[in-house]
Structure formats: C-alpha cells, structure tokens
Q: 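Got a structure for you, questions after.
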Amino acid sequence: MNSTIAELNKRFKAALVAAFGAELADVDPMLVASSNPKFGDVQANVAMSLTKRLGLAPRAIAEQLIQQLDLSPYCESPTVAGPGFINLRLTREYLEAQLQQMHQDERLAVPLAKQPQRTIVDFSSPNIAKEMHVGHLRSTIIGDSIARILEFLGHDVLRLNHVGDWGTQFGMLITHLRESYPDALTTANALALGDLTTFYKQAKQRFDTDEDFQVRSRQEVVALQSGNADTLKAWQLLCDQSRLAFQEIYDLLDVRIQERGESFYNPLLSSVVEDLAQAELLVEDQGAKVVFLEGFTNKEGKPLPLIIQKTGGGYNYATTDLAAIRYRTQQDQAERVIYITDAGQANHFAQVFQVAARAGWIPAHVELEHVPFGVVQGEDGKKFKTRSGETVRLKDLLEEAIARAYADLDARLIAENRSEPEEFKTQVATAVGIGAVKYADLSQNRTSNYIFSYDKMLALQGNTAPYMLYAYVRVQGISRKGSIDFANLGADRAILVQDEMERTLAVALLQFDEVLNTVAVDLYPNRLCQYLFELSQTFNQFYDRCPVLQAEEPLRTSRLMLCDLTARTLKQGLTLLGISTVERM
RNA sequence: GCUCCAGUAGCUCAGCCGGAUAGAGCAACUGCCUUCUAAGCAGUCGGUCGCAGGUUCGAGUCCUGCCUGGGGCGCCA
C-alpha cells in the first residue's frame with residue numbers, strides 16, 4: 001500500500017499544478033488512511049490547508065482539484081465531503097491485483113529497504129553476577145522486536161548486549177568468590193552458582209559490614225584493572241557463570257544477541273579522555289576531568305559537568321558510553337545506533353550524545369537514538385515486586401506465565417472433553433505464556449509505564465496474544481478440515497474481492513508494509529500490535545460471515561487464498577514481535 | 001530549585017505532519033453454536049481528552065501558565 005500512496009501522491013501533485021499553477025508543485029497532498037471506512041480507503045486533506053493561500057473556499061478547491069485528477073487504475077472517482085475532504089476508494093481490480101502479488105511473494109510484498117542502514121540495536125544489558133530481573137524484560141523484548149523488524153526490512157543489524165561486566169563492584173564479587181568458593185579457581189566446573197542473586201547479596205553484605213573485606217575488595221579492583229592473571233581468572237569465571245544463566249532466559253525468549261560488555265571498551269577509555277582533551281572540551285574541575293554541558297544546569301543555574309574521569313583516575317559509565325559511541329561510528333561504521341533503555345536514562349543519553357557530537361564523533365549521516373520505555377508496575381501501580389517485596393526474577397516471571405497458560409489450557413481441555421499429549425500441552429502453554437508476556441509489553445506505547453498483570457495478558461479475549469494466536473489457529477483449522485495445502489492453491493487462481501467483508505479484509509492485508517515502515521522509523525512496536533489485532537478482528541468477522549469450505553468455486557479458492565494471506569501476515573507479524581505461533585491450541 | 005515523561009470511558013490503553021460525530025479491549029447488560037474450534041461474532045451502556053488561557057478555517061494533538069503522579073539532577077550504571 002506504500003507504493004500505492006506514493007503513486008497517488010504523484011497524481012495529486014500533478015493535479016494541483018494543473019488546477020492552480022506550478023507554484024503549488026511542492027504542496028503535500030496530505031494523503032492519509034481514511035479516518036472512517038464510510039469515507040473510503042484514503043483521504044486527502046490538502047484542500048483545507050490551501051484556503052488562505054488560494055483565497056478560495058476549501059470545497060471549491062477540492063472540486064477544482066478532482067477535475068484534474070486521474071487516479072486510474074487505482075481509485076474510483078474521488079468525492080468531496082464535509083468541509084473539503086477528498087475521499088478515495090480503491091478499485092476492486094486494483095485490490096485483487098495487489099493481493100495476487102502479495103500472495104505470490106514470500107515476503108508478502110513487503111519491499112526491502114532501498115538504502116539498507118548499518119544499524120546497532122543496544123538492548124537487554126543485564127549485569128554480570130546478578131540475575132536478570134523484571135527490569136530487563138522490556139529492554140529485551142522491545143529491543144529484540146525492533147531488531148527483527150529492521151532485519152526483515154533488509155537493514156544490516158548488529159544486536160549488542162552491553163552487559164555490566166566491569167567496574168568497582170567486581171572487587172567485592174571476586175573477593176567473595178575467592179574466600180567462599182576457593183575450589184572454583186583451581187578446579188574446573190567446581191562452581192555452581194545456582195543463585196546469582198544470593199551470591200551477589202552475600203558479597204554486598206560482607207562489603208557493607210566488614211571493613212577488612214572492603215580493603216581486600218578495593219585491592220581486587222586494582223588487581224583487575226592492572227590485569228592480574230589470577231583476578232582475571234576469577235572475573236572470567238563469574239562472567240561465564242552469568243552467561244549460562246542469561247542464555248537460559250534468552251533461549252526461553254528466543255532472543256539472539258551478541259555480547260559486547262563494558263569491559264570491551266576498557267582499553268579505549270584513556271584515549272577517549274585524550275580525544276576530548278584534544279578537542280578542547282575537557283576541563284579539570286574539583287579534581288575530576290569533566291566536560292561542561294550546554295543546556296544542562298545544576299541547582300545554582302551553572303552548566304552541569306559530565307564526569308569523564310573521576311578524581312583518582314577512575315572512569316565511569318559516561319566514559320564507557322562515549323567509547324562505545326566512538327567505536328560504533330568509527331569501527332562498526334554504524335549509521336544508526338538505537339539504545340533501548342528505561343526513560344530514566346534520557347538525561348544521561350542526551351548528555352553523552354551531546355559530548356560525542358561536540359567531539360566530532362557523529363558524522364552527519366549517522367543518527368543516535370535513545371528509545372526510552374516506562375517502568376513495569378504491579379497491579380497496585382507501584383514498582384513491580386514479589387509479595388515479600390523482592391525484585392522479581394525474570395526466570396520466575398516467565399515460568400509463572402507458562403504455568404498459568406498451562407493451567408488454563410488444561411482446564412479448557414477437560415471442559416471440552418479433549419485429550420492431548422503432554423508434549424502438545426507444554427508446547428502450547430509455552431507459546432501462549434511467553435507470547436502473552438511479550439505481547440502485553442509490546443502492545444503498549446513503550447513510553448508510558450506499564451502495569452503487569454498475568455490475568456490481563458493471558459485473557460483469551462481482547463487485545464492479547466491468545467486472541468491473535470487463536471485467529472491464526474482458526475485458519476489452520478480450515479486447512480485441516482478441508483485437507484487444504486495452502487502452499488499449493490495454484491498461482492493461477494484468482495483472488496476475488498466481491499463481498500464488502502472480503503474487501504475490508506483485503507484492505508487490511510494490504511496495509512502490512514505500511515505499518516512495518518512506520519515502525520521502522522518511529523520504533524513504536526505497539527503500532528504493529530494494533531495492526532495485528534485489527535487484522536485478527538477483521539478476519540474473525542470474515543470467518544463469521546463468509547463460509548469458506550462450503551463456498552462454490554471459484555469463490556472457495558479465492559477465500560482460501562484470503563485465509564492463507566491472513567495467516568501468513570499474522571505469522572510474519574507475530575514473528576517480528578518475537579512471538580511464535582502454534583497450529584492448534 | 002532545575003529538568004524529562006505521563007494525565008483520554010468505572011479499569012487497562014490507542015489516537016501515526018493538527019483534520020470529519022474522540023477509538024479499542026476489559027467490566028456490566030442483550031442476542032447468536034444441526035454450519036470451517038463460541039479462545040468467536042453482533043449490539044447496548046459509558047468521555048468537560050488534568051485545569052485555564054492562546055495560536056488556527058479546524059486542537060486530545062502545537063504554545064504559555066498552573067495542578068497531580070512518576071523518573072533524573074558531580075565523581076553508581
């Protein structure tokens with residue numbers, strides 16, 4: 001449909017010039033999808049906007065404009081309505097031809113980007129020696145979906161996990177490891193850090209209460225930074241153990257990501273300081289090396305500094321992030337760098353981006369984007385915690401969702417007198433449970449806070465994963481019932497758009513590429529969710545009103561093709577959200 | 001004190017460069033299973049878009065001020 005809008009745009013521009021003269025060549029016809037189906041498929045809002053410029057009534061402008069409009073073969077004759085809207089309705093022949101094209105194309109007629117961009121999506125980013133928790137949920141889910149969408153559109157995407165694998169906290173972790181698990185350093189696989197959270201807490205507690213421990217920890221930090229072999233080994237061990245735990249979660253979520261943690265940038269930090277000094281941005285202030293920011297002020301109204309090197313020579317996260325920006329633009333040759341973090345870091349990124357820009361590390365064609373999201377809240381509206389007030393472990397959260405989906409399914413099977421093998425139940429419960437968690441998150445505008453509710457996300461009706469999975473299953477039900485092989489319906493068979501219901505479904509299907517392109521620009525996956533939900537609803541209406549298997553040929557095959565197109569679009573869309581489909585449920 | 005984000009139906013949320021009577025879902029109520037899975041469909045009820053100004057032919061959307069909630073604000077990430 002994108003190409004359709006583009007073509008209609010050209011026709012409108014030509015008509016504007018023909019009707020009102022060449023000076024209107026640059027006017028945007030303001031074509032958008034119709035606000036209401038009764039107004040057709042597309043509407044042009046340009047007439048109202050020209051009232052002043054042309055000194056004419058908007059309706060008169062619209063009337064004159066449509067006299068010059070040639071919209072064949074796309075649209076039927078345009079009509080003018082209300083204060084001057086121009087309403088367009090796509091022709092049946094055109095819709096049928098477009099659907100045919102979509103049906104024959106593996107990619108559902110979604111074109112590859114004309115200018116593929118080297119894109120980095122920086123997401124998830126848990127901390128070594130800590131368990132992944134609910135705070136990592138949104139970044140991981142949203143980041144993965146954005147990466148999937150950009151990849152599908154043909155961009156060259158590098159998914160990076162900027163894990164917290166460096167810094168002062170490793171002093172206490174390594175010291176605790178050495179003292180409490182001495183075998184781990186000498187014996188292979190002696191360490192079973194079953195519960196990283198407990199390990200971290202123990203270390204933290206000793207650090208907070210034992211002064212000698214603190215001293216030894218600080219020494220370990222120095223040892224780590226100076227590359228002491230023994231210390232590095234302990235560090236490596238902690239990282240490896242954490243990776244195993246992370247990977248379990250990523251496998252469950254079906255998320256691919258490449259690790260490039262903070263330690264990766266460690267050797268580059270000193271040159272960041274040098275570069276900033278060279279660029280004459282670096283200032284010594286109260287013992288630290290800082291860059292004073294433009295547009296950020298402290299409580300006294302004076303420019304706020306960004307600390308690059310702490311008193312005593314240490315670096316902090318701003319330094320690492322600056323090193324990462326420089327590396328990504330210079331070594332990775334990234335053209336677009338997308339950071340998926342909570343909204344609380346908005347200031348930090350604005351500051352770091354500013355310094356990077358002033359240092360000259362961001363070429364004109366490169367864009368850095370912070371993609372913020374709101375916090376996950378419990379049903380009481382407060383920060384999401386367990387009943388005992390602890391942070392919710394991601395693993396527990398996901399397992400709970402699967403368990404609940406399983407219980408729902410089981411109860412339903414019993415109620416319907418169905419019997420299914422264990423493998424089936426587990427598979428469906430996993431798809432539904434994980435899908436529900438992901439969909440609930442993605443379907444909301446990411447900038448707002450999000451209230452986590454198992455009951456709502458697993459609800460069988462409404463804008464949920466189960467509803468959409470069910471719509472998909474319904475199509476597969478038709479193919480089973482009629483022993484239809486969707487892959488071999490025959491490329492020569494025609495798709496007919498006769499019934500108004502078929503037409504509505506056709507128009508919805510053809511909007512898929514448009515939606516994906518919008519999401520690729522704005523990075524709001526909830527638009528894709530909204531689209532898939534509406535497509536599911538439209539399909540369910542079609543399913544309700546238009547018999548498929550009982551229809552006479554050639555209508556039967558035509559409707560089967562519409563079903564197949566719907567299923568493929570749903571499946572592709574859900575895949576781009578990171579949600580897997582099932583054939584039966 | 002400064003700053004960022006949010007405030008839309010009883011609840012959870014959409015609303016894409018400003019465009020037609022502000023849309024869903026849930027909840028409540030009413031219908032529809034001899035017909036492809038009713039995890040569905042059709043319908044009813046429900047809104048001073050936080051408040052007050054302003055810009056505009058037109059404002060939920062843009063601007064200003066205020067109120068409420070959440071986050072951030074020099075050596076944590």
Side-chain angles (χ1 to χ4, degrees), chain A residues 28 30 32-36 38-39 43 45 48-49 51-52 57-58 81-85 87 125 127 162 164 167-169 262 285-290 295-301 304-312 314-318 320-321 341-348 350 372 374-375 377 379 381 383 408-409 412 416 418 432 440 443-445 447-451 453 455-456 459-464 466-467 469-471 473-475 477-482 484 515 518-519 521-522 524 526-527 529-530 533-534 537 540-541 543-545 547-550 563 584-585:
Chain A
D28 178 0
M30 302 175 80
V32 291
S34 289
S35 55
N36 187 319
K38 74 182 178 194
F39 299 134
Q43 66 182 59
N45 300 332
M48 280 88 72
S49 71
T51 322
K52 242 181 198 166
F85 296 100
N87 291 332
S125 308
N127 291 314
H162 192 81
T168 47
Q169 77 273 22
E262 292 171 350
D285 187 64
Q286 296 174 30
K289 290 181 178 163
V290 309
F296 293 90
T297 52
N298 64 13
K299 288 169 191 170
E300 287 86 49
L304 197 70
L306 184 70
I307 294 174
I308 306 297
Q309 190 165 21
K310 301 190 277 193
T311 307
Y315 303 105
N316 61 15
Y317 73 131
T320 307
D321 279 344
T341 81
D342 65 280
Q345 296 191 50
N347 274 335
H348 166 68
V375 300
Q377 298 172 316
E379 295 191 67
K383 205 168 173 191
D408 277 1
L409 177 67
R412 190 178 167 76
E416 291 182 0
R418 283 169 63 189
V432 170
S443 61
Q444 246 179 70
N445 184 317
T447 53
S448 44
N449 292 343
Y450 148 57
I451 295 183
S453 161
D455 289 337
K456 284 192 175 150
L460 306 174
Q461 50 280 108
N463 189 3
T464 64
Y467 176 91
L469 292 174
Y470 180 64
V473 162
R474 281 185 130 179
V475 182
I478 292 175
S479 88
R480 275 193 301 278
K481 182 91 175 185
I484 306 296
V515 171
T518 308
V519 177
V521 173
D522 297 339
Y524 283 102
N526 65 302
R527 302 239 167 90
C529 294
Q530 188 69 28
F533 177 56
E534 282 165 12
Q537 280 184 313
N540 276 328
Q541 291 163 1
Y543 184 92
D544 195 50
R545 294 173 209 175
V548 177
L549 293 172
Q550 292 94 326
C563 287
R584 284 192 312 126
M585 63 196 285

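Numbers restart at 1 for each chain; the letters A, B, ... are given by sequence-line order, proteins then strands. Side chains are part of it too, since the values below use all heavy atoms of this structure and drop only hydrogens, waters and symmetry mates.
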Q: With heavy atoms under 4.0 Å as the rule, sort Phe39(A) into base, sugar-phosphate or nothing.
A: base
Q: Under 3.5 Å between N/O atoms: give me all the protein pairs with nucleotides 16-19 of chain B, atom names plus distance.
A:
{"unit_1": "rC16(B)", "atom_1": "O4'", "unit_2": "Arg527(A)", "atom_2": "NH2", "d": "3.3"}

Q: Name the nucleic acid region contacted by Arg412(A), choosing base, sugar-phosphate or nothing; use a 4.0 angstrom heavy-atom cut-off, strictly under.
A: base
Q: Could you give the CG-to-C1' distance, from Asn449(A) to rG70(B), as a whole number of Å?
A: 6 Å
Q: Considering only atom P, compute the distance from rC41(B) to rG46(B) and round it to an integer number of Å.
A: 23 Å
Q: Between protein and nucleotides 58-65 of chain B, what N or O pairs are separated by less than 3.5 Å?
A:
none

Q: Measure CG/Asn526(A) against C1'/rA14(B) and give the value in whole Å, please.
A: 8 Å
Q: What's the gap between rA20(B) and rG15(B) when it is taken at their P atoms, as a whole Å value?
A: 16 Å
Q: Take atom CD of Gln461(A) and atom C1' of rA42(B), then tell me their distance rounded to the nearest Å.
A: 16 Å
Q: Please report, rounded to the nearest Å, how far the C1' atom of rA39(B) is from the NZ atom of Lys456(A).
A: 19 Å
Q: Sticking with atom P, work out how far rG25(B) lies from rU35(B), rounded to a whole angstrom.
A: 26 Å
Q: From the options rG40(B), rA42(B), rA14(B), select the nucleotide whose nearest atom is closest to the side chain of Arg474(A).
A: rG40(B)
Q: For nucleotides 29-35 of chain B, print each protein N/O atom paired with a nucleotide N/O atom at under 3.5 Å, atom names and distance only.
A:
{"unit_1": "rU35(B)", "atom_1": "O2'", "unit_2": "Gln550(A)", "atom_2": "NE2", "d": "2.7"}

Q: Distance check, C1' atoms only: rA38(B) and rG50(B), in whole angstrom units.
A: 41 Å
Q: Which value, in whole Å, describes the distance between the P atoms of nucleotides rC63(B) and rG72(B)?
A: 25 Å
Q: Using atom CD of Glu534(A) as one end and atom P of rA14(B) as the other, report the distance to the nearest whole Å.
A: 14 Å
Q: Quote, to the nearest angstrom, the C1' distance that separates rA9(B) from rA22(B).
A: 11 Å
Q: Identify the two heavy atoms, one from Cys563(A) and one from Val548(A), that lie closest to each other, and give their separation to 0.1 Å.
A: SG-CG2, 3.9 Å
Q: Take atom OH of Tyr467(A) and atom P of rA24(B), then tell me their distance rounded to the nearest Å.
A: 13 Å
Q: Under 3.5 Å for both pairing distances: what stems, at least three Watson-Crick or G-U pairs long, include RNA chain B?
A: B:1-7 with B:67-73, B:10-13 with B:23-26, B:28-32 with B:40-44, B:50-54 with B:62-66
Q: What's the closest nucleotide to the Ser448(A) side chain, out of rC41(B), rA39(B), rC13(B)?
A: rC13(B)
Q: Out of rC11(B), rA39(B), rA14(B), which has the shortest distance to the side chain of Gln444(A)?
A: rA14(B)
Q: Sticking with atom P, work out how far rG23(B) lies from rU48(B), rounded to a whole angstrom.
A: 15 Å
Q: Determine the contact category for Asp455(A): base if any of its heavy atoms lies under 4.0 Å from a base atom, sugar-phosphate if only primed atoms, P, OP1 or OP2 are that close, otherwise nothing.
A: nothing
Q: For a quick check of understanding: with a heavy-atom distance under 4.0 Å over all strands, which category does Val473(A) fall into, base, sugar-phosphate or nothing?
A: base
Q: Heavy atoms under 4.0 Å is the rule here; annotate nucleotides 71-77 of chain B 5' to 3' with B where the base is hit, S where only the sugar-phosphate is, and - elsewhere.
A: BBSBBSB
Q: By nearest atom, which of the nucleotides rG25(B), rC36(B), rA42(B) is closest to the Gln541(A) side chain?
A: rA42(B)
Q: Give me the distance, rounded to whole Å, that separates rA39(B) from rG47(B) when you measure between the C1' atoms they each carry.
A: 30 Å
Q: How do Tyr543(A) and Ile451(A) order along RNA chain B: which one's closest nucleotide is nearer the 5' end?
A: Ile451(A)
Q: Among residues at least two apart in sequence or on other chains, which ones pass salt bridge (charged side-chain N to carboxylate O under 4.0 Å, His left out) with Arg412(A)?
A: Glu416(A)
Q: Looking at every non-hydrogen atom in both residues, tell me the closest pair between Gly462(A) and Tyr467(A) and how far apart they are.
A: O-CB, 3.2 Å
Q: Check the distance between rC11(B)'s C1' and Tyr450(A)'s OH and give it to me in whole angstrom.
A: 16 Å
Q: Between P on rA14(B) and CZ on Phe533(A), what's the gap in Å once rounded to a whole number?
A: 14 Å
